[in-house]
Amino acid sequence: MAPELLNKVLVHGRRAGRIVEVEAYRGEHDPASHAFRGRTERNATMFGPPGRLYVYFTYGMHWCANAVCDEPGVAGAVLLRALAPLRGAEAMRRARPAARRDTDLCSGPAKLCQALGIDRDQDGADLVNGRGGVSIVDDGMAPPSNPVVGTRVGISVATEVDWRFSVPGDPNRSRPW
DNA sequence: ATAGAGATTGCCT
DNA sequence: GGCAATCTCTATA
């Protein structure tokens, strides 16, 4: 699912961006996943139906968003790590005054949430029918045929699996590859 | 009850 | 390149 989400469009209100970097998290069988030790109040959305948005708070100050990708009762999600701004760049700049260039607006999992105005209120939003305000749409651009593949970042366990995917060469990606 | 680390970012040197 | 911000959860006592 993770590489299939590349080049899809994340939409919240008038703001939208093309997904250019993701990471896969495999729930209860993945030591790096929030769901590894089972269901909690925080990660409950990951155990719900697929096609929903799992939003979590981390490091005491940041929100990050995932697309839930496994059947009800089975945790599994794709972390959205970077977007190429498509619409509403003005609003994104207002939401992220620290961004010096437009490539700083959505070039990280917490940056894109700040830019699009995603927080706890959007946790559980239905990405398919837009209920909850956030959706992921297919505007006809296919996923890259040769996505860049690498190890996940910011974790201390299960660092060996290549579950990070990005659109080759996109300047909005969160880090150098 | 309390300590420690975390799917990060921005500001500092 | 180092470090603070300070919520949520886990481990330990």
Side-chain angles (χ1 to χ4, degrees), chain A residues 1-6 8 10 12 15 17 19-48 50 52-70 74-85 91-125 127 134 136 147-167 170-177:
Chain A
M1 276 301 299
E4 288 295 314
L5 283 170
L6 293 175
K8 297 295 183 292
L10 181 68
H12 184 211
R15 288 172 269 185
I19 299 168
V20 298
E21 181 182 331
V22 298
E23 282 175 1
Y25 285 87
R26 299 201 65 191
E28 293 181 278
H29 300 290
D30 178 1
S33 170
H34 289 165
F36 182 59
R37 289 174 177 82
R39 181 178 183 142
T40 65
E41 183 175 359
R42 179 208 207 189
N43 66 25
T45 302
M46 276 186 83
F47 288 82
R52 301 289 177 83
L53 192 69
Y54 165 48
V55 182
Y56 66 85
F57 192 68
T58 192
Y59 290 102
M61 58 189 309
H62 296 303
W63 297 96
C64 295
N66 303 245
V68 178
C69 290
D70 215 327
V74 182
V78 174
L79 173 66
L80 307 178
R81 289 196 55 90
L83 307 176
M92 294 186 195
R93 293 186 198 104
R94 284 196 298 274
R96 280 187 43 71
R100 294 189 65 253
R101 301 164 299 173
D102 281 3
T103 49
D104 297 324
L105 288 174
C106 301
S107 57
K111 293 179 187 177
L112 71 88
C113 283
Q114 188 177 13
L116 266 65
I118 292 172
D119 61 21
R120 169 142 280 168
D121 293 342
Q122 282 71 43
D123 182 44
L127 298 167
V134 186
I136 290 180
V148 181
V149 178
T151 54
R152 299 179 293 183
V153 293
I155 55 174
S156 58
V157 292
T159 54
E160 69 284 355
V161 291
D162 287 334
W163 288 348
R164 184 184 186 207
F165 306 89
S166 76
V167 175
D170 194 289
N172 297 284
R173 293 180 298 173
S174 68
R175 306 194 188 184
W177 290 72

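All values below come from the heavy atoms of this structure, side chains included, with hydrogens, waters and symmetry mates left out. Values in this document were obtained by computation on a predicted structure and should not be read as measured data. Naming: A, B, ... by sequence-line order, numbering from 1 per chain.
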Would you classify A110(A) as touching base, sugar-phosphate or nothing, given that sugar-phosphate means primed atoms plus P, OP1 and OP2, and contacts are heavy atoms under 4.0 Å?
sugar-phosphate
With P as the reference atom in both, quote the distance from dA13(C) to dA5(B) in angstrom, rounded to an integer.
15 Å
Using only atom types and a distance under 3.5 Å, with no angle test, would you say the side chain of R120(A) pairs donor to acceptor with the backbone of F57(A)?
no
Spell out, as yes or no, whether a donor-acceptor pair under 3.5 Å connects the side chain of R96(A) to the backbone of L105(A).
yes
Choosing from dC11(B), dT10(C), dA5(C), which nucleotide comes nearest the side chain of M61(A)?
dA5(C)
Want to settle it: does V153(A) or A98(A) sit nearer the 5' end of DNA chain B, counting the closest nucleotide to each?
V153(A)
Once you apply a heavy-atom cut-off of 4.0 Å, does R152(A) come out as touching a base, just sugar-phosphate, or nothing?
nothing
OP1, OP2 of dT9(B) versus side-chain N and O of R100(A): anything below 4.0 Å?
no
Starting at CH2 of W63(A) and ending at P of dT6(C), how long is that distance when rounded to a whole Å?
15 Å
Side chain R81(A), main chain S166(A), donor-acceptor under 3.5 Å:
no
Does the side-chain ring of F57(A) lie flat on the base of dC7(C), meaning centres under 5.5 Å and planes less than 30 degrees apart?
no
Heavy-atom count check: over 12 atoms from other residues, nucleotides or ligands less than 6.0 Å from R173(A) CZ?
yes
Any donor-acceptor N/O pair, N43(A) side chain to G38(A) backbone, under 3.5 Å
yes
Atom pair distance, as rounded to whole Å: OH in Y56(A) and C1' in dG6(B):
9 Å
Within the structure shown, what part of the strands sits under 4.0 Å from L79(A) by heavy-atom distance: base, sugar-phosphate, or nothing?
base
Integer-rounded Å distance: dA5(B) C1' and Y59(A) OH:
8 Å
Length of the line joining H34(A):NE2 and dA5(B):P, which is rounded to integer Å
16 Å
Does any nucleotide pair with dT6(C) by Watson-Crick or G-U wobble geometry, both distances under 3.5 Å, and what is it?
none
Can you check the H62(A) NE2 to dC3(C) C1' distance for me, whole Å?
13 Å
Among dA7(B), dG10(B), dC9(C), the one nearest Q114(A) by side-chain distance:
dG10(B)
Under 4.0 Å: is that the gap between some side-chain N or O of T40(A) and OP1 or OP2 of dC9(C)?
yes
Checking all strands, does R120(A) fall into the base, sugar-phosphate, or nothing category for heavy-atom contacts under 4.0 angstrom?
sugar-phosphate
Answer with base, sugar-phosphate or nothing: what part of the nucleic acid does R96(A) contact at a heavy-atom distance below 4.0 Å?
sugar-phosphate
When you check the phosphate oxygens OP1 and OP2 of dA11(C), does a side-chain N or O of R37(A) lie under 4.0 Å from one of them?
yes
Taking CD from E21(A) and C1' from dA7(B), how many angstroms apart are they, rounded to a whole number?
12 Å
Euclidean distance, atom CG of residue D119(A) to atom C1' of dT8(C) [Å, nearest integer]:
16 Å
Using atom types as modelled and distance alone, determine if a side-chain donor or acceptor of D30(A) lies under 3.5 Å from a backbone N or O of A32(A).
yes
In whole angstrom, give the distance that lies between atom CD1 of I118(A) and atom P of dT9(B).
14 Å
Please measure how far the P atom in dA5(C) lies from the corresponding atom in dT13(B), and state the result in whole Å.
15 Å
Taking 5.5 Å and 30° as the limits, would you call Y25(A) and the base of dA7(B) a stacked pair?
yes
Base, sugar-phosphate, or nothing for S156(A), non-hydrogen atoms under 4.0 angstrom?
sugar-phosphate
